[in-house]
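To find a chain, count down the sequence lines: A is the first, B the second, and so on, and within it residues start at 1. All values below come from the heavy atoms of this structure, side chains included, with hydrogens, waters and symmetry mates left out.
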Number of protein chains: 2
Amino acid sequence: MKALVVDDDLVLADVVSFTLRRAGFDVLLAHDGVTALERFYAESPGIVILDLQLPSKDGLEVCREIRTKSDTPIVMLSVRDSDDDVVKGLALGADDYITKPFSPAQLVARAQAVLRRAGKNPLPGKLTFVGITLNPDRHTFERPDEPPIQLTQLEFKLMETLMLNHEQVLSVNTLIDRVWGPNGADRAMLKQLVYRLRRKIEPEDTDNTVYIEAVPGIGYALMRRNQ
Amino acid sequence: MKALVVDDDLVLADVVSFTLRRAGFDVLLAHDGVTALERFYAESPGIVILDLQLPSKDGLEVCREIRTKSDTPIVMLSVRDSDDDVVKGLALGADDYITKPFSPAQLVARAQAVLRRAGKNPLPGKLTFVGITLNPDRHTFERPDEPPIQLTQLEFKLMETLMLNHEQVLSVNTLIDRVWGPNGADRAMLKQLVYRLRRKIEPEDTDNTVYIEAVPGIGYALMRRNQ
DNA sequence: CGATTTTGTGACCGTCTTGTGACCACATCG
DNA sequence: CGATGTGGTCACAAGACGGTCACAAAATCG
């Protein structure tokens, strides 16, 4: 799945592309509107990540032109929280938007959600990692050739966070924040939740491909079983 | 089918009209309340897309005046958090509303739904999904080779919403909003309505092709029976 | 007007989810 | 050595949730 990233901020573009690549996208870059359209026509990406402030051609214009030619999903990036531009962008046919600053996880989640909604699931669109899939529509966890496993709201949020940052250790506080929000729960609750999630995704009989690893004193990480 | 788009934001109006044109509407534009009414009388559009914030004449006033003269369907545009205006508009006779930001697909879907409900459908047609049909004229639900089932207003709106988004989970709040409008009912009412709708569309003796699935903690979805 | 249908409200029940405390094994450190 | 903190497991209770029912209020219709 090709993703075209259009941003004149070189550093930000770099970060975005790095994040998307790690999530399995094949990333193309453009730093202004004109080359964005050129690359769009040349490479036919499956999704476009589009900054609104651009030199040589405004983001909204790029959005419109792309939309006249195809219905490729577009995710907009905008600084201002004046949702004026956002409204225009969405009206022009953009499918979603993210206001800066944003977390890489956010971007990936939105991009995949948009692809899912558009029905263009090259990879089922959902959140995948080494063969397993998280289905946000039904809050299920799916392994190939296995019936889906229903997750509760909290279990789903935890799993989602771990998958978005797979093979990365997330601190206890970070996880609590993602799952329960600020002023959330305490360590004991997270411990409990991890236990419950493990029992659903790491049954002893199957050769589970992923598992939740505890890093003492730090937090947890979703790892892939080696070989 | 003529559609009159009333919005003082030139860019947004442009975009909305572009979207509607692509969906097959013949679009007229007005950027303030007075000209909106002029064009309305001159051209007799089949539907009006009306922004609530307008110069020279408030959107609510325009809505009221149109409604005193005819029953042309009206879809209002409003910024989020102005529930008050939305309520007033609906009370004044508007047929539906969309809060910004919205997606073009939403707008078209709503406009067509409103037209369908109003019985004036030169465009698409009844709402069908895997063989079953929703007939907006008679508020009936039809299965092949079965007598039509009469639905109440609320049951119909719920079914319509579920069918427009079939095989997608809709949150409880979304459903409440679509069925009862803003400041609508509570979860208990939706629960009750789902129960009543189920008894009509999922009788035990027939091999029902669709069913309403509850996703705990999230909402409901209209699903098709296994493969 | 009365009769019927539709809609809203409350209650009950079984189930699932979530929060809490307890216990154990293990490691670290004074 | 024991005190302390860690993560893993379990049991239990409070609460939320969905499904069902009965009944009253409100709307509709003849």
Rounded to the Å, how far apart are B:Leu175 CG and D:dG18 C1'? 14 Å
Using atom CZ of A:Arg198 as one end and atom C1' of D:dT9 as the other, report the distance to the nearest whole Å. 11 Å
Listing, residues 37-47 of chain B side-chain donor-acceptor contacts under 3.5 Å, not counting sequence neighbours, or none:
residue	atom	partner	partner atom	Å
B:Arg39	NH1	B:Leu29	O	3.0
B:Arg39	NH2	B:Glu43	OE2	3.1
B:Tyr41	OH	B:Glu65	OE2	3.4

Looking at five pairs on each end of the helix from C:dC1-D:dG30 to C:dG30-D:dC1, what is the angle between the two axes, given to 10 degrees? 30°
Least distance between heavy atoms, A:Glu155 atom then A:Lys200 atom: OE1-NZ, 2.8 Å
Rounded interatomic separation in angstrom, taking CG from A:Leu190 and P from D:dT9: 14 Å
Short N/O separations, protein against nucleotides 14-21 of chain C, under 3.5 angstrom:
residue	atom	partner	partner atom	Å
C:dT18	OP2	A:Thr152	OG1	2.5
C:dG19	OP2	A:Trp180	NE1	3.2
C:dG19	N7	A:Arg196	NH1	3.4
C:dG19	O6	A:Arg196	NH2	2.6

With sequence neighbours left out, write down each residue that passes side chain to side chain donor-acceptor pair (under 3.5 Å) with A:Tyr220, or none if nothing qualifies. none
Rounded distance (Å) that lies between atom P of C:dT6 and atom NE2 of B:His139: 12 Å
Starting at atom CZ of B:Phe156, determine the distance to atom P of C:dT6, rounded to an integer number of angstrom. 15 Å
In chain order, what residues pass the side chain to side chain donor-acceptor pair (under 3.5 Å) check against A:Arg187, with sequence neighbours excluded? none
Check against salt bridge (charged side-chain N to carboxylate O under 4.0 Å, His left out), A:Asp186 and A:Lys191: CA-CA 9 Å; A:Asp186 56 351; A:Lys191 186 172 63 171; over 6 Å; no
Regarding B:Asp95 and B:Arg67, does a basic nitrogen lie under 4.0 Å from an acidic carboxylate oxygen? yes
To the nearest angstrom, how far is B:Lys191 atom NZ from D:dA22 atom C1'? 14 Å
When you look at CD of A:Gln168, are more than 12 heavy atoms from neighbouring residues, nucleotides or ligands closer to it than 6.0 Å? yes
Residue list, salt bridge (charged side-chain N to carboxylate O under 4.0 Å, His left out) with B:Asp51, at least two apart or on another chain: B:Lys100
What is the distance, rounded to the nearest whole Å, between atom CZ of A:Arg187 and atom C1' of D:dT4? 14 Å
Taking only N and O in the side chain of B:Tyr195, is any of them less than 4.0 Å away from OP1 or OP2 of D:dA22? no
